[in-house]
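The figures that follow rest on heavy atoms only: side chains count, while hydrogens, waters and symmetry mates do not. All chains are named by letter (A, B, ...) in the order of the sequence lines, taking the proteins before the strands, and each is independently numbered beginning at 1.
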Amino acid sequence: MITAQTDTGSLTNQDAIYDRPFIINFEKARTAIGGYLEANTNYFVEDGVTEGFSMEMRRFNIFIFSPINRRINFISELEFEHGTEEIALEMALIDVRVSDGLNLRGGIILPQIGLVNANHDSPKWNFVERPLSSTHIIPTTLSEVGFGIHGKFFSDSRILSYDAYVVNGLQESIILNEEGRTFLQQGKSEEMFEEDNNGVPMMNVKFSLSNRKSTEVGVSYYGGIYNTYRIEGAKVEDPRSMHLTAIDFTTESKKIQLKGEVTYLMIDVPSNLVEIYGEQQYGGFIEVSYTLFEEKEGSILSALTPYTTIPSINLDLRVERVDFNLGTFKSTQTAIRDEINSITGGLSIRPDAANTVFRFNYTYQFIIDNLGNPAVRNAGIQMGFATYF
Amino acid sequence: MPKNYPARMNKKLMVLLLICSGIILFSCKKLFPPEPPGNEVLAAPMEGLTKAQLASHAAGDELFAKIYTQSEGLGPIFIQSSCEGCHVGDGKGHPFTMVTRFARLTQGTIDYMEDLGGPQVQNRALSGYVPEGVHESADFVSQRLAPLLTGLGFLAAVHDSTIINMALKMGKVNWVEPPDYFVPTADHISVAGRFVGRFGKKAKEIRIFDQVVFALKEDIGITSDFDLEDPFNHLVGNNTGDNVADPEVGKDVINNLVFYLRTLKAPERRNIDDPDVIAGEKLFADLGCINCHKPTLKTAKSDIAVLSEVEFHPFTDLLIHDMGDDLDDGFPEGSATGSEWRTPPLWGLGLAKDVQGGERYLLHDGSASTIDEVLKVHGGEAMSASAAFFSLSEEDHDKVITFLNSL
């Protein structure tokens, strides 16, 4: 049996797989493993037509965390989506702490854009689906190779935090993609983790101000040149850039929790394509959770869930909208629509405060095409749970 | 005590939740949007297809909606990236997807200017590539909006002889030269190597198949087994640029699309018992509209049982007619001249605005938004019908409109 050892003198090349710090320093047990699991059921009807009922094993994510020393932390997140259909290393980074106000970060990072991208763990949310503005405009989950700095400044009543990173950035297929519309999600590619498509990194910056209790407001930016404008060094077209901005907030009183985000994209698109691939799009959501029921330890409800800190039952409501193209048709001077309006009501049960959530959602969506024809109506019921482990 | 049974208690909660949601799911059908009535939607398969036929229809439906990307061969120059992009909901097009064709006369004969970007403009391009415009030396420009595609299988199943017979009274068959790959069947009738055209605004294409091959290339920039060259871009001097091996789609894709189009239902009518609709229909006949907009046609034998030897009501004769100066774009196709257009089927007319973004864009180029505007330019062979229409009393006029909206 191999035991952890500090005397490495007797190890040969053959022992390399065990000659690793996390084993050698086993007794310090510094690496922590965690994660979350998320599953749900779907039943949707679109204009009277349904595919029926189905179950979805959405995500199984594993976190590995290691405080390497007093100043250096390592954290990573490995995601398994839909079983093993999609496996992605969503995050793998080190943070080097210089001071509260200055930390260096590098690796595969989650850019700080809007509310959800860097705070996307399902158990934190009371709804089965992520907000549309965070998936259809902001391409959550966006992970990027990059590096930069982040930090916090404190005053008696406020905390100002900032993030600033350079990343390889999204790629050309933001347009001319299989969505047939400007869609940042389509700008992702495996290649982003290897090299930049144009040799000019994108930037990500976020500032947030919090009142030290539960109210926080953030302003964020992500953008830069997205097209592959040079091939083998030769400039084959003009560089084109995209600018994504977002404002988000969260606030909470005793019974009510409020969250929201507005995001706006501006992007250079060749003029012959702008009617199909919009140059401006926006989205936003607002979400209210009202705590119906919150129990103290030893009460009836907490008896159901004995490990609990504070079980609670919440009524949830989300209203949201995305508009994929804010342009107008040249020929008719009418507005290009291409939008989704959606409302979701729900019930969430948190038997274990922040760790586990059971969710029950009812969603009604109006999907309007670019011409503004009568909306396709889509409604559905979802049930699911998400839990950290 | 409960500390020993955490798992069971949690399960109870789950079961409760499941039951609650089960009740809501099955008791409240109202929570879900109902299917709109069949006579208010255009895009749907026809009744009476077998399961296997429905499966083929669904496969074709997917291809019809498919958005092509650069890596699948889109372009390098194109107008839209999918069929559905122009034929929204299988319906009529919108001016933003207008198709423009051009040609010139060279020593008295028509020249479609293939080495100068003809016959059709591709006004969009992959990034880093250049879109086309109408070449400055063009003499004629023809602008067209996508037509309605529903019920196409019925139109395709009409026998050539039926079309030829209708032309004995009024209108003309567009006798066209077939594409190189065309292999006639026993049902095709030809005269001096030319065949009966029936699809397209001037009935330039013989079969749905030919229209699809043409659309893939000239509208989307997709090469197929039947046309291996990407659209030629004279501004760049080549017909490559998407860097995808040709053919970009095989015969199966075309066949699937054709099957899909053949099995789209015919548009269904609304308010047929309304006395104004009934009166309007009679006026429509009396005015002579039905000389061209034939209410009833019959299909020949077909391999699809529901299309075989049945009557249907498209309000077209599939013939080309001289429509006079206002509709003359000078652009000939086959034996159709600039002023000759195929009678468009009028079925689905009442639903047009639900696929054209709330407005109506009528005529080949969408230049009319009302029936009156349409009939103002019905000249040539339609002159007398048009004149009769404008001499109707206001009441009768409105009845004709009400009837047309019921289609």
K.L.:
Who among A:L273, A:V236, A:D238 has the most heavy-atom pairs with chain B under 4.5 Å?
P.N.:
A:L273

K.L.:
Give, as side chain, backbone, both or neither, the part of A:Y362 having an atom under 4.5 angstrom from any heavy atom of chain B.
P.N.:
side chain

K.L.:
Could you check whether any side-chain heavy atom of B:Y129 comes within less than 4.5 Å of a side-chain heavy atom of A:N272, counting everything from C-beta outward?
P.N.:
no

K.L.:
Heavy-atom distances under 4.5 Å only: say whether A:R240 touches chain B with side chain, backbone, both or neither.
P.N.:
side chain

K.L.:
Under 4.5 Å, counting heavy-atom pairs only, tell me which of A:S331, A:G372, A:S271, A:G380 racks up the most with chain B.
P.N.:
A:S331

K.L.:
Check whether any side-chain heavy atom of B:Y361 lies under 4.5 Å from a side-chain heavy atom of A:T332, and answer yes or no.
P.N.:
yes

K.L.:
Got more than 12 heavy atoms from elsewhere within 6.0 Å of CE, A:M57?
P.N.:
yes

K.L.:
Within residues 61-73 of chain B, which residues come under 4.5 Å of chain A, heavy atom to heavy atom?
P.N.:
B:I67, B:T69, B:Q70

K.L.:
Can you find a heavy atom in the side chain of B:F96 that is under 4.5 Å from one in the side chain of A:I276?
P.N.:
yes

K.L.:
Taking every non-hydrogen pair under 4.5 Å, which of A:P270, A:G180, A:P374 racks up the most with chain B?
P.N.:
A:P374

K.L.:
Among B:S81, B:S127, B:P95, which residue forms the greatest number of heavy-atom pairs with chain A at distances under 4.5 Å?
P.N.:
B:S127

K.L.:
Checking B:I79 against chain A: side chain, backbone, both or neither under 4.5 Å from a heavy atom?
P.N.:
backbone

K.L.:
When rounded to the nearest 0.5 angstrom, what is the spacing between CD in B:E359 and OG1 in A:T334?
P.N.:
7.5 Å

K.L.:
Pick whichever of B:G366, B:G91, B:P131 has the most heavy-atom pairs under 4.5 Å with chain A.
P.N.:
B:P131

K.L.:
Relative to chain A, which segment of B:D354 carries a heavy atom at a distance below 4.5 Å: side chain, backbone, both, or neither?
P.N.:
both

